[in-house]
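Quick note on labels: first sequence line is chain A, next is B, and so on, each numbered from 1.
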Number of protein chains: 2
Amino acid sequence: MKRDSRLSGVLHVLLHMAQQPGPFTSETLAKAMDTNPVVIRRIMAGLRELGYVHAEKGHGGGWTLACDLSKVTLRDIYAALGSPSLLAMGNRTEAPGCLVEQAVNAALGQAFGDAEALLLARLGEVTLAMLSEDLRKRIGSRKIHDISAHRA
Amino acid sequence: MKRDSRLSGVLHVLLHMAQQPGPFTSETLAKAMDTNPVVIRRIMAGLRELGYVHAEKGHGGGWTLACDLSKVTLRDIYAALGSPSLLAMGNRTEAPGCLVEQAVNAALGQAFGDAEALLLARLGEVTLAMLSEDLRKRIGSRKIHDISAHRA
DNA sequence: CTTCATGTAACTTCATATGTTACATGATAG
DNA sequence: CTATCATGTAACATATGAAGTTACATGAAG
């Protein structure tokens, strides 16, 4: 099944925005993501409605962060995308009359439910601020690495 | 995203087969599943290759169980289907050069990996025999329920 | 040798993420 | 005021993969 990469994509955008002051146009962000400006507007629409980002039209317009990064988790962002389905597999039929199907659904539903719950919990543990901090560390360590590689 | 229901479907077939002696033709199984015989053959192909089921051609032919149901787990069946992807979401790019993408992938990859591991572990805990036993209980309790409903 | 059943390729259908074009809306610069 | 810039959004195109279907080859039983 084709994998949904909107969460990955929108986080990429947000992290770029957190690295420097805005605003950023959809076109700028689209180039950084190697995609189309309309795709950016589409995945950002839900975040705008929830107040996580702000969009301004006209000259000097574009997208700006409008939330406390330490208060928003990856789960919040996932929800802002409309909570698309997490699992690629599911039961053939929900609420089946057939007892066989009910037995199968019960077993699979348990496993699927547990996995979904864990994934949502994990996403809820990570804030955008934590992601941004991790990114800064990566940038920092790469700079050190580059220096040592070129001058040591 | 369209959900893959092959695991659900093939378990349904196996449980039906476990309820009474075979063999079962693809057409019979397809009717019980309200689908096409070719779909049955397709999802059973992997199980046949791994020896979980046996197929016989010609008059009196069809599918028969060829494994110890207490030794085969839902995870084994999942693997027999070719281990299709479990999650509907994924990273935009694997092995990205961009540090931002790496930071995003690290966070999401952790959450995704944990959820996948849990799901596989859960599937590995359930054997076909356990499923079949659960089904018998459901059949039994429904009979009792029906009797009480009609004659009490 | 006819019938039945599997094995498999090829095609159609359907859902959905993604990409693209087109145009309306609104804000700013001059 | 008007030209330009940027978002908002509808509409359409493309790509992928599961599921359904048709067609036919293969092989076993009567």
For the pair made of [atom1] in [X] and [atom2] in [N], what is the distance, rounded to whole Å?
| X | N | atom1 | atom2 | result |
| --- | --- | --- | --- | --- |
| Asn36(B) | dT21(D) | CG | P | 5 Å |
| Asp4(B) | dA15(C) | CG | P | 16 Å |
| Leu81(B) | dG17(D) | CG | P | 16 Å |
| Met44(A) | dG8(D) | CE | P | 10 Å |
| Lys57(B) | dC24(D) | NZ | C1' | 12 Å |
| Arg41(B) | dG20(D) | CZ | C1' | 13 Å |
| Leu7(B) | dA18(D) | CG | P | 13 Å |
| Glu27(A) | dT4(D) | CD | C1' | 14 Å |

Specify the residue among Arg92(B) and Gly60(B) whose closest nucleotide of DNA chain C lies further upstream toward the 5′ end.
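Comparing both residues, the 5'-ward one is Gly60(B).
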First encountered from the 5' end of DNA chain C, between Glu49(B) and Thr35(A)
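In this pair, the answer is Glu49(B).
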Answer yes or no: does a side-chain N or O of [X] lie under 4.0 Å from OP1 or OP2 of [N]?
| X | N | result |
| --- | --- | --- |
| Arg3(A) | dA17(C) | no |
| Ser26(A) | dT7(D) | yes |
| Ser5(B) | dA19(D) | yes |

Nearest to the side chain of [X], which nucleotide is it out of [options]?
| X | options | result |
| --- | --- | --- |
| Thr25(B) | dA5(C), dG7(C), dA29(D) | dA5(C) |
| Val39(A) | dT20(C), dA18(D), dC5(D) | dT20(C) |
| Val38(A) | dT20(C), dT6(C), dT7(D) | dT20(C) |

For the residue pair Val13(A) and Val53(A), establish whether any side-chain heavy-atom pair is separated by less than 4.5 Å.
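No. Closest side-chain heavy atoms not under 4.5 Å.
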Pick out which of Gln19(B), Gln20(B), His12(B) makes a side chain to side chain donor-acceptor pair (under 3.5 Å) with His16(B).
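Result for side chain to side chain donor-acceptor pair (under 3.5 Å) with His16(B): His12(B).
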Hey, which of these two, Arg48(A) or Arg42(A), hits DNA chain D nearer its 5' end, going by closest nucleotide?
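First, find each residue's nearest nucleotide; the 5'-ward one identifies Arg48(A).
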Can you see which heavy atom on Leu81(A) is nearest to which on Ile43(A), and at what distance?
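The pair with the smallest heavy-atom distance is CD2-O, 3.6 Å.
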Regarding Gly62(A), tell me which of base, sugar-phosphate or nothing describes its non-hydrogen contacts under 4.0 Å with the strands shown.
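Sugar-phosphate, backbone atoms only, no base.
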Name all pairs fulfilling the side chain to side chain donor-acceptor pair (under 3.5 Å) condition that reach into residues 57-67 of chain B, sequence neighbours left out, sorted by first residue then second.
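Matches after skipping sequence neighbours: Ser26(B)-Trp63(B).
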Between Ser8(B) and Ser5(B), does any side-chain donor sit less than 3.5 Å from a side-chain acceptor?
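The answer is no; no qualifying pair exists.
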